[in-house]
Amino acid sequence: RMSTRHPWEIGPDELQTLRADGESPLVIDCREPEEVETASIDGTRHVPMGDIKSRLPELEDHADDLVVVLCHHGVRSLQVVGFLREQGFADARSLAGGIDRWSIEIDGSVPRY
């Protein structure tokens with residue numbers, strides 16, 4: 001079946017290409033601390049979903065840049081992206097499939113849970 005991607009999403013392959021080219025965007029991991037301890041991607045900034053609003057000032061330098069948000073499967077990150085876009089982050093994107101799909105398609109050393 002054809003999977004139709006949400007317009008706010010970025011695929012793991014696209015993010016990996018940006019990182020490999022040295023143009024890594026700010027990547028925000030919005031999962032809970034215990035999830036991040038279980039599995040994480042190097043070079044990401046951990047901002048739990050519930051803290052996004054209070055920590056917005058530290059992110060505002062990136063409001064005009066591509067910002068990628070990830071979670072476990074891509075549901076929470078899409079909600080965070082919706083909030084960030086309301087705050088003026090015009091190019092905020094959610095990592096399609098989350099860290100789970102990243103583990104499957106990009107980096108098998110990242111544990112699945």
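We count residues from 1, following the sequence as given. Bear in mind the structure is a predicted one, so any value in this text is a computation, not a measurement.
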Next on the checklist: Pair Leu18, Ser24 - check side chain to side chain contact (heavy atoms under 4.5 Å, CB included), show working.
Outcome noted: CA-CA 5 Å; Leu18 287 170; Ser24 183; 5.9 Å; no
Next on the checklist: Enumerate the ring-ring contact (aromatic ring centres under 6.0 Å, His included) contacts for residues 66-113, please, sequence neighbours excluded, ordered by first and then second residue.
Outcome noted: His72-Tyr113
Checklist outcome for this item: Rounding to 0.5 Å, atoms CG (Leu66) and CG (Asp91) come to a distance of 5.0 Å
Next on the checklist: Using the side chain to side chain contact (heavy atoms under 4.5 Å, CB included) criterion, which residues pair with Glu34? Sequence neighbours excluded.
Outcome noted: Glu32
Item to check | Basic-acidic side-chain contact under 4.0 Å: Arg19, Asp21 | outcome: no
Checklist entry - Would you call Arg31-Glu37 a salt bridge at under 4.0 Å N-O? => result no
Checklist outcome for this item: By side chain to side chain donor-acceptor pair (under 3.5 Å), Gln87 pairs with (sequence neighbours left out) none
Next on the checklist: Less than 4.0 angstrom from a charged side-chain N to a carboxylate O is my criterion; do Arg45 and Glu58 meet it?
Outcome noted: yes
Next on the checklist: Could you go through Leu78 and Val69, starting from their C-alpha distance and side-chain angles, then the distance that decides it, and tell me whether this counts as side chain to side chain contact (heavy atoms under 4.5 Å, CB included)?
Outcome noted: CA-CA 8 Å; Leu78 209 48; Val69 185; over 6 Å; no
Checklist entry - Looking only at heavy atoms, what is the nearest atom pair of Pro57 and Lys53, with distance? => result CD-O, 4.4 Å
Checklist entry - Can you list every pair that meets ring-ring contact (aromatic ring centres under 6.0 Å, His included) and has a residue in residues 8-34, with sequence neighbours left out? => result His6-Trp8
Checklist entry - For atom CG of Asp64, is the number of surrounding heavy atoms from other residues, nucleotides or ligands below 6.0 Å larger than 12? => result no
Checklist outcome for this item: Sequence neighbours excluded, the answer for side chain to side chain contact (heavy atoms under 4.5 Å, CB included) partners of Thr44 is Val27, Asp29, Ile41, Leu70
Checklist entry - Which atom pair, heavy atoms only, marks the closest approach of Val81 to Ala92? => result CG1-O, 3.4 Å
Checklist entry - Which hydrophobic side chains are connected to Val36, either touching it within the sub-4.5 Å cutoff or through other members that do? => result none
